[in-house]
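Structure first, then comments.
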Amino acid sequence: MIHVMRTDVAAAGNRHVALGHRQLGRLPKMIGIFLIVLSLGGCRHPAREPVTLTFLDPEWSHDLTERNVLPDERLLEFRRQTGIRAKHLPTPEPTLDQLDMARGVLGGGAGPDVLGIDVIWPGILSQDLIDLKPYFATELSSVSPDVVSSYTVKGKLVAMPFHADIGVLFYRRDLLQEYGYGAPPSTWDQLEKMATRIQRGERAKGQKNFWGFIWPGAAGEGLTCNALEWQTAEGGGSIIEADNTISVNNPNVIRAWQRASHWIGWISTPDVISYEEWDAVNAFYSGQAAFFRGWARSYLLSVEAEANPAIRDTAKIGSSKIGITRVPGGNTGQAATLGGFGLGVSRSAVHPSEAVELVRFLVHEEMQSEVRAHSKALEQPELHEEPAILTVYSDFAHVGRGTGVVNRPATIVGQRYEDVDHAYIRAVRSVLTGKTKAPEAAKELEKELVGITGFKTGPPSGIRNHKDQTAESVR
């Protein structure tokens with residue numbers, strides 16, 4: 001969910017992912033994974049030396065906010081308290097490449113000891129990780145059951161929830177005020193109207209490359225999260241429902257995909273289909289867009305750090321001009337994708353007890369940091385409907401009026417999630433790029449998912465809505 005900073009947004013256009021050639025494209029990655037496995041085996045210390053743990057943390061290399069750009073401070077504190085050393089291992093940027101690496105090093109039987117586990121990985125990696133439930137009964141009592149269930153496979157706690165997250169909409173407060181809007185959009189219709197008007201006005205001032213709305217549209221997990229929110233908010237379901245029903249081929253999904261394809265070249269740059277997460281962040285913070293779909297956690301981190309150091313020196317807009325609100329909704333309310341990372345311990349860890357202690361230490365440190373960030377964020381005037389945004393580490397099941405939390409079908413399909421995900425990404429991108437009409441793409445995706453999972457097809461079951469929300473009209 002958290003990606004490496006790109007300093008050259010224009011380079012994003014050259015980074016298309018050819019999912020149809022995955023095996024060939026993975027050869028260099030597999031060679032790299034093999035070398036890492038060899039290095040892990042070579043860095044084991046004799047018992048007489050101080051214990052050294054290896055920590056494969058996807059966020060370490062890619063979350064360049066001040067909290068995590070120097071995470072070694074926490075590892076150094078852990079060493080001061082316990083005498084146990086811990087060192088980070090680098091990872092690639094895209095989530096699916098991180099998964100390839102994690103699976104490769106675990107399969108090599110050489111570690112690492114502790115791993116950052118994306119919320120979508122538990123079903124895939126469960127056999128290679130120990131059950132942490134017996135070690136964290138106290139800590140689990142303060143975490144939302146929804147979040148805990150995302151890391152639980154057949155009763156086994158594959159990872160301890162660490163960084164919870166949820167999709168949100170960033171917006172330019174100053175531009176909304178300038179163009180006469182008293183509140184950010186709560187529906188996609190409203191966002192389109194606002195984005196069109198602001199984009200037209202800013203371009204008239206000479207900003208020819210200004211866009212109304214940007215989002216990560218590259219062939220990766222970011223696109224899955226965005227597209228799932230689009231279709232769920234329209235009543236299109238969650239791709240595969242909790243009862244193992246494949247629901248993706250329905251008019252609401254088709255309508256949501258068609259709407260998004262219409263944005264490209266209208267209120268979203270044509271380059272958006274090659275944007276990774278940090279490409280979109282760069283573009284937004286450099287003043288090139290009015291709205292940006294991101295993650296709540298990045299806002300909470302920026303509040304504590306006062307500014308994102310990775311963009312602080314080059315940002316054209318100050319933090320006081322940036323607001324955050326719920327992801328806009330459709331016919332059935334608003335939907336936000338659940339994201340985040342947990343911490344798991346490898347079954348092949350040489351020092352499993354020490355690895356559990358590192359997980360405990362990091363989780364306790366994080367809980368204290370979340371409380372501080374939450375308190376500071378509540379003081380910020382740029383938050384809109386903050387109770388819906390700031391329940392990031394508590395009860396996701398009650399995030400607000402008319403708002404549903406949607407989970408990707410990772411725990412439903414388990415080991416097959418990667419294939420399901422790739423199929424979904426290909427279908428959505430084929431519509432966004434104009435290669436396939438939405439009805440044909442949905443029909444073909446349904447057929448492909450049946451082949452992957454063996455599940456039946458049927459209508460969506462809907463999302464969890466708590467109250468109807470009446471959206472304010474937009475001038």
Can you find a heavy atom in the side chain of [X] that is under 4.5 Å from one in the side chain of [Y]?
{"X": "Asp57", "Y": "Leu115", "answer": "no"}
{"X": "Ser247", "Y": "Ile239", "answer": "no"}
{"X": "Asn249", "Y": "Leu445", "answer": "no"}
{"X": "Ile124", "Y": "Arg103", "answer": "yes"}
{"X": "Tyr151", "Y": "Met160", "answer": "no"}
{"X": "Pro459", "Y": "Asn250", "answer": "no"}
{"X": "Phe455", "Y": "Val450", "answer": "no"}
{"X": "Leu125", "Y": "Ile117", "answer": "yes"}

- Message: side chain to side chain contact (heavy atoms under 4.5 Å, CB included) for Asn331 and Trp188? Distances and angles first, verdict last.
- Response: CA-CA 10 Å; Asn331 290 335; Trp188 290 116; over 6 Å; no
- The salt bridge (charged side-chain N to carboxylate O under 4.0 Å, His left out) partners of Glu440 (sequence neighbours excluded) come to none
- Message: Is there a salt bridge (Lys or Arg N to Asp or Glu O under 4.0 Å) between Glu77 and Arg74? Walk through the geometry before answering.
- Response: CA-CA 5 Å; Glu77 179 60 27; Arg74 289 192 286 185; over 6 Å; no
For [X] and [Y], which heavy atoms make the closest approach, and how far apart are they?
{"X": "Val158", "Y": "Ser126", "value": "CG2-CB, 3.7 Å"}
{"X": "Leu56", "Y": "Pro112", "value": "CB-CG, 3.6 Å"}
{"X": "Val119", "Y": "Pro122", "value": "O-CD, 3.3 Å"}
{"X": "Ala355", "Y": "Val345", "value": "CB-CG1, 3.7 Å"}
{"X": "Gly83", "Y": "Pro50", "value": "O-CB, 4.5 Å"}
{"X": "Asn244", "Y": "Ile412", "value": "OD1-CG2, 3.3 Å"}

To the nearest 0.5 Å, what is the distance between [atom1] on [X] and [atom2] on [Y]?
{"X": "Thr436", "Y": "Trp257", "atom1": "OG1", "atom2": "CH2", "answer": "10.0 Å"}
{"X": "Ser353", "Y": "Leu358", "atom1": "OG", "atom2": "CG", "answer": "13.0 Å"}
{"X": "Glu221", "Y": "Asp421", "atom1": "CD", "atom2": "CG", "answer": "4.0 Å"}
{"X": "Tyr171", "Y": "Thr325", "atom1": "OH", "atom2": "OG1", "answer": "6.0 Å"}
{"X": "Ile84", "Y": "Leu53", "atom1": "CD1", "atom2": "CG", "answer": "6.0 Å"}
{"X": "Thr224", "Y": "Leu228", "atom1": "OG1", "atom2": "CG", "answer": "8.0 Å"}

[X] side-chain N/O to [Y] backbone N/O, donor-acceptor pair under 3.5 Å:
{"X": "Arg408", "Y": "Tyr417", "value": "no"}
{"X": "Thr337", "Y": "Cys225", "value": "yes"}
{"X": "Thr457", "Y": "Ile246", "value": "no"}
{"X": "Glu418", "Y": "Gln415", "value": "no"}
{"X": "Asp113", "Y": "Thr54", "value": "yes"}
{"X": "Asp165", "Y": "Ala296", "value": "yes"}
{"X": "Gln334", "Y": "Pro328", "value": "no"}
{"X": "Ser261", "Y": "Leu432", "value": "no"}

- Message: Quick check on Gln127: does its CD atom have over 12 non-hydrogen neighbours (other residues, nucleotides or ligands) under 6.0 Å away?
- Response: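 Not buried by this count: 12 neighbours or fewer within 6.0 Å.
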- Message: Heavy-atom count check: over 12 atoms from other residues, nucleotides or ligands less than 6.0 Å from Lys154 NZ?
- Response: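 Not buried by this count: 12 neighbours or fewer within 6.0 Å.
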- For Leu99 and Asp118, what are the C-alpha separation, side-chain angles and deciding distance, and is it a side chain to side chain contact (heavy atoms under 4.5 Å, CB included)? CA-CA 8 Å; Leu99 173 59; Asp118 193 288; over 6 Å; no
- Just do the side-chain hydrogen bond (donor to acceptor under 3.5 Å, both in side chains) check on Ser348 and Ser346 with the steps written out, would you? CA-CA 5 Å; Ser348 61; Ser346 170; 2.8 Å; yes
- Item | Option passing salt bridge (charged side-chain N to carboxylate O under 4.0 Å, His left out) with Glu229 (candidates Arg293, Arg326, Arg259) |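 Testing each of Arg293, Arg326, Arg259 against Glu229, the sole residue satisfying salt bridge (charged side-chain N to carboxylate O under 4.0 Å, His left out) is Arg293.
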- Candidate pair Lys443 and Lys447, rule side chain to side chain contact (heavy atoms under 4.5 Å, CB included), full reasoning: CA-CA 6 Å; Lys443 182 178 180 180; Lys447 183 187 304 182; 5.8 Å; no
Donor-acceptor list for residues 129-140 side chains, cut-off 3.5 Å, not counting sequence neighbours:
unit_1, atom_1, unit_2, atom_2, d
Asp131, OD1, Lys133, N, 3.1
Asp131, OD1, Leu157, N, 2.9
Lys133, NZ, Gly155, O, 2.9
Glu139, OE2, Arg360, NH1, 3.3
Glu139, OE2, His364, NE2, 2.7

- Message: With ring pair (Phe, Tyr, Trp, His ring centres under 6.0 Å) as the test, pick out the partner of Phe170 among Trp215, Phe213, Phe292.
- Response: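 Per the ring pair (Phe, Tyr, Trp, His ring centres under 6.0 Å) rule, the option paired with Phe170 is Phe292, out of Trp215, Phe213, Phe292.
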- Query: Is there a side chain to side chain contact (heavy atoms under 4.5 Å, CB included) between Ile322 and Phe284 once you walk through the steps?
  - Reply: CA-CA 10 Å; Ile322 298 173; Phe284 179 73; 4.0 Å; yes
- Glu448: what forms a side-chain hydrogen bond (donor to acceptor under 3.5 Å, both in side chains) with it, not counting sequence neighbours?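 Partners of Glu448 by the side-chain hydrogen bond (donor to acceptor under 3.5 Å, both in side chains) criterion, ordered by chain and then number, come out as Arg426.
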- Task: Please find out if less than 6.0 Å separates the ring center of His163 from that of Phe341.
- Result: no
- Message: Determine whether Arg416 and Asp419 satisfy the following criterion, salt bridge (Lys or Arg N to Asp or Glu O under 4.0 Å), listing intermediate values before the conclusion.
- Response: CA-CA 6 Å; Arg416 293 164 292 185; Asp419 291 332; over 6 Å; no
- Message: Checking side-chain polar atoms at under 3.5 Å, does Glu234 have a donor or acceptor matched by the opposite partner on Asn252?
- Response: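 Per modelled atom types, Glu234 and Asn252 side chains form no pair under 3.5 Å.
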